[in-house]
Amino acid sequence: MLGRVLLIFFMGLPWQDAAAAPWILAPGKVYTRVSLANERVEGLTAWRGDVYGEYGLAGRLTASLKLEAVSYPDASDFDAQGWRATLRRRLFQSGGFLVSIEGGLLEGAAIGGRNGCDTLGSEVRLGAAWSGQWRKRQSFAFLETARREHEACQRDRIEFGLGQQLSENIWSVSQYWRERGSPNAASDKVQSEILLRDGSMDYSLGYCNENGGAFIEESIFLAIAKRF
């Protein structure tokens with residue numbers, strides 16, 4: 001499954017990003033991103049791969065699609081896949097500040113988790129973002145709240161991110177996620193990455209730590225993104 005996900009990306013699916021988050025793409029613009037992570041959780045090692053893409057539609061809309069898979073070489077019973085498809089619409093924009101709303105469908109334990117969260121569900125999120133100069137450096141920040149609903153599972157999430165240009169081609173990006181819900185969901189995750197921008201390509205190296213109460217998961221990831 002992971003091999004197929006990576007193959008799809010390099011075949012050039014027509015998609016683009018803005019660190020995901022609330023930004024909107026101009027009509028016809030595309031963003032694609034593929035990442036590969038090595039994870040350690042409760043003594044187990046896993047490999048996680050995902051492909052994410054955005055496509056700018058007319059009418060202040062952006063479509064997004066994410067495919068994700070995780071593989072445990074020594075515990076294949078925990079292998080999982082997942083997908084998520086949404087539409088995002090800009091509600092308000094003034095200068096570098098904007099507000100957007102997003103909604104869609106998702107399915108699979110690799111994205112939603114287990115205990116009923118792997119079934120087909122819906123997601124709605126509201127976000128605000130800003131980009132501009134801060135302390136004489138290009139910077140951005142965003143905040144999103146999200147609600148995920150499955151038949152036997154509900155999740156509420158808060159996501160916050162900061163980014164700043166360190167030099168002509170290098171950015172620092174940090175993100176935080178807080179998730180609560182039923183049944184028995186409590187997770188806090190932080191992620192930091194260094195991003196190298198080379199024309200239309202971005203190359204990232206990052207570290208992620210998630211504390212789920214009953215477990216702590218750490219991962220190191222590599223990502224490549226392209227804008228069209």
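Everything quoted here is computed from the prediction, not taken from an experiment.
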In terms of hydrophobic clusters joined by side-chain contacts under 4.5 Å, are [X] and [Y] together?
X	Y	answer
Y207	L205	yes
F228	L57	yes
F97	I101	yes

Within the 3.5 Å criterion, strictly below it, is a donor on [X] or [Y] matched to an acceptor on the partner's side chain?
X	Y	result
Y72	D74	no
S122	E149	no
T32	K226	no
E54	S64	no
Y176	D188	yes
R90	S100	no
E39	W47	no

> Where do V173 and I194 land on the side-chain contact (heavy atoms from CB on, under 4.5 Å) test, with the steps shown first?
Replying inline: CA-CA 6 Å; V173 182; I194 294 296; over 6 Å; no
> Are Q154 and R147 close enough, and set up right, to give a side-chain contact (heavy atoms from CB on, under 4.5 Å), and what steps lead you there?
Replying inline: CA-CA 7 Å; Q154 296 79 39; R147 173 77 172 184; 3.5 Å; yes
>> What verdict does the side-chain contact (heavy atoms from CB on, under 4.5 Å) test give for L36 and F221, after you've listed the backbone C-alpha separation in whole Å, the side-chain angles of each residue and the deciding distance to 0.1 Å?
In response: CA-CA 6 Å; L36 180 65; F221 66 90; over 6 Å; no
Within-4.5 Å side-chain heavy-atom neighbours: [X] and [Y]:
X	Y	answer
F215	E210	yes
Q175	F142	yes
W134	F140	no
D118	E107	no
L106	R148	yes
L126	V99	yes
Y52	V34	no
L98	P22	yes

Should the pair [X]-[Y] be classified as a salt bridge under the 4.0 Å nitrogen-to-oxygen rule?
X	Y	answer
E123	R84	yes
R33	D202	no
R40	E218	no
R180	D156	no
E159	R125	yes

Donor-acceptor pair, side chain of [X] and main chain of [Y], under 3.5 angstrom:
X	Y	result
R114	F78	yes
R157	W177	no
R88	W23	yes

Minimum heavy-atom distance [X]-[Y], with the two atoms named:
X	Y	result
A223	S35	CB-CB, 3.7 Å
S71	P73	O-CD, 3.5 Å
A110	V70	CB-CG1, 4.4 Å
G199	R227	O-NH2, 2.6 Å

From [atom1] ([X]) to [atom2] ([Y]), nearest 0.5 Å:
X	Y	atom1	atom2	value
S187	E179	OG	CD	6.0 Å
L67	L65	CG	CG	4.5 Å
L196	L166	CG	CG	11.5 Å
R137	Q133	CZ	CD	10.0 Å
E68	Q81	CD	CD	10.5 Å
W130	L143	CH2	CG	14.5 Å

>> side-chain contact (heavy atoms from CB on, under 4.5 Å) for L87 and E102? Distances and angles first, verdict last.
In response: CA-CA 6 Å; L87 278 177; E102 183 174 0; over 6 Å; no
>> Surrounding CD1 of I220 (heavy atoms of other residues, nucleotides or ligands, distance under 6.0 Å), is the total greater than 12?
In response: no
> Can you pull the side chain to side chain donor-acceptor pair (under 3.5 Å) pairs that have at least one residue in residues 162-174, sequence neighbours excluded?
Replying inline: S139-Q164
> What's the verdict on side-chain hydrogen bond (donor to acceptor under 3.5 Å, both in side chains) for T119 and E151, showing C-alpha distance, side-chain angles and the deciding distance?
Replying inline: CA-CA 8 Å; T119 60; E151 184 176 353; 5.9 Å; no
